[in-house]
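Quick note: numbers below take in every heavy atom, side chains included, and nothing from hydrogens, waters or symmetry partners.
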Amino acid sequence: MSGSNTTQSQSSSSPTSSRDLNLVDVLFSSALDGEFVRDQLAGTYKKYDHASDSQAADSIEANKARFPIDSAHLLELRRREMQAIRTAESGDVQAGIDQLSQVISDCPHYASAYNNRAQAYRLQNKEAQALADLDQAIRYAQDKMILGQAFTQKAIILRGQGDQDAAYYNFTQGAKCGNEVAQVAAPKENPYGKLCGRIVAEAMRQLVVPGNKQ
């Protein structure tokens, strides 16, 4: 989880999550890749519409002017946010969520609190709530690090649900914002590279396996 600074820099953050790095390893060794190729070849794959995410990613500078937070209020928000994070990390995840909800109620455009509450929801396996919070974090982000974390968390959830095109887009956006997990994942997730690789591999297999004729 991570705190943030809005008028100065949303930069109070924990190191790259080892949990998310491990999730990336698991996801990319799963059967989802084969399902993606099957759907592409069958013509049933639904391309992700990322227009709203793209518009949000372009709005960082606009958000700074549209949703200003004065320094004193920002310091108080960060203090309460960090207390909520400590509560969740101590094992009382629901209490941490409740505290983050209070922060959000006090300042509905404070992106970092949405980002951290989404991570807490992920710990409870509440993916719908996490995705809703990540959309809000992307919408209100005023810092590339917070934006990158939100895109990356969103990508991991979507990848786990099998929505590979959406995951690829969000990993790519997270990587552009400098998120280390996304920078590892995005090249692996490229759907068109994977599709071409599978087609070539299958063609080579048919050439070398005796009796394998179309």
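Annotation for Arg117 and Ser101: closest pair NH1-OG, 2.8 Å, computed over non-hydrogen atoms. The minimum heavy-atom distance linking Ala113 with Ile104 is given by the pair CB-CG1, 3.6 Å. Taking each heavy atom of Lys154 and Leu131 in turn, the nearest pair found is CG-CD2, 3.8 Å. Here the closest heavy-atom approach between residue Ala182 and residue Gly174 is recorded as CB-C, 3.5 Å.
Ion pairing between a basic and an acidic side chain is recognised when a charged N comes within 4.0 Å of a carboxylate O; Arg79 and Glu76 show such pairing. Taking 4.0 Å as the cut-off between side-chain N and carboxylate O, Glu81 and Arg78 do not count as a salt-bridged pair.
Residues Gln99 and Val103 form no side-chain contact, since every pair of their non-hydrogen atoms from C-beta on lies 4.5 Å or further apart. Two residues are said to be in side-chain contact when any heavy atoms from C-beta on lie closer than 4.5 Å; Tyr110 and Ile69 meet this criterion. In this structure, the side chains of Val93 and Tyr121 stay at 4.5 Å or more apart for every pair of heavy atoms. By the 4.5 Å heavy-atom criterion applied to side chains, Gln94 and Gln124 are counted as neighbours. Taking 4.5 Å as the limit, some side-chain heavy atom of Phe151 sits within range of a side-chain heavy atom of Leu147. Between Glu89 and Leu123 the shortest side-chain heavy-atom distance does not fall below 4.5 Å.
Checking side-chain atoms of Thr152 against main-chain N and O of Gly148 turns up a donor-acceptor pair under 3.5 Å.
Within the model, atoms CE of Met145 and CG of Asn115 stand 9.0 Å from one another, a figure rounded to the nearest 0.5 Å. Going from atom CD1 of Ile60 over to atom SG of Cys177 covers 5.5 Å, rounded to the nearest 0.5 Å. One finds the CD atom of Gln119 at 11.0 Å from the CD1 atom of Ile97 (value rounded to the nearest 0.5 Å). In this structure, CZ in Phe171 is found 12.0 Å from CD in Gln183, a value given to the nearest 0.5 Å. Here the straight-line distance linking atom CD of Gln149 with atom CD of Glu180 works out to 10.5 Å at 0.5 Å rounding. Distance check, rounded to the nearest 0.5 Å: CG of Asn63 to CD1 of Ile138 gives 12.0 Å.
For Phe67 and Tyr140, the distance between ring centers is under 6.0 angstrom.
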Legend entry - Test side chain to side chain contact (heavy atoms under 4.5 Å, CB included) applied to Ile146 and Asp143, step by step: CA-CA 6 Å; Ile146 297 301; Asp143 180 274; 4.3 Å; yes
Legend entry - CA sep, side-chain torsions, deciding dist, call: Arg122, Gln153, side chain to side chain donor-acceptor pair (under 3.5 Å): CA-CA 9 Å; Arg122 286 174 60 201; Gln153 286 204 78; 2.9 Å; yes
Inset, instruction - Verify side chain to side chain contact (heavy atoms under 4.5 Å, CB included) between Cys107 and His73, making sure each step is shown before the conclusion. - result: CA-CA 9 Å; Cys107 187; His73 191 195; 4.2 Å; yes
Legend entry - Chi angles and distances behind the side chain to side chain donor-acceptor pair (under 3.5 Å) call for Glu61, Gln142: CA-CA 7 Å; Glu61 292 304 318; Gln142 300 182 26; over 6 Å; no
Inset, instruction - Starting from the C-alpha separation in whole Å, work towards a yes-or-no answer on side chain to side chain contact (heavy atoms under 4.5 Å, CB included) for Thr87 and Gln83. - result: CA-CA 6 Å; Thr87 298; Gln83 178 58 52; 3.5 Å; yes
Inset, instruction - Decide side chain to side chain contact (heavy atoms under 4.5 Å, CB included) for Ile157 and Asp163; before the verdict, give the C-alpha distance in whole Å, the side-chain angles of both, and the deciding distance to 0.1 Å. - result: CA-CA 9 Å; Ile157 294 172; Asp163 194 344; over 6 Å; no
Inset, instruction - Could you please spell out the steps behind the side chain to side chain donor-acceptor pair (under 3.5 Å) verdict for Gln102 and Asp106? - result: CA-CA 6 Å; Gln102 292 172 4; Asp106 184 22; over 6 Å; no
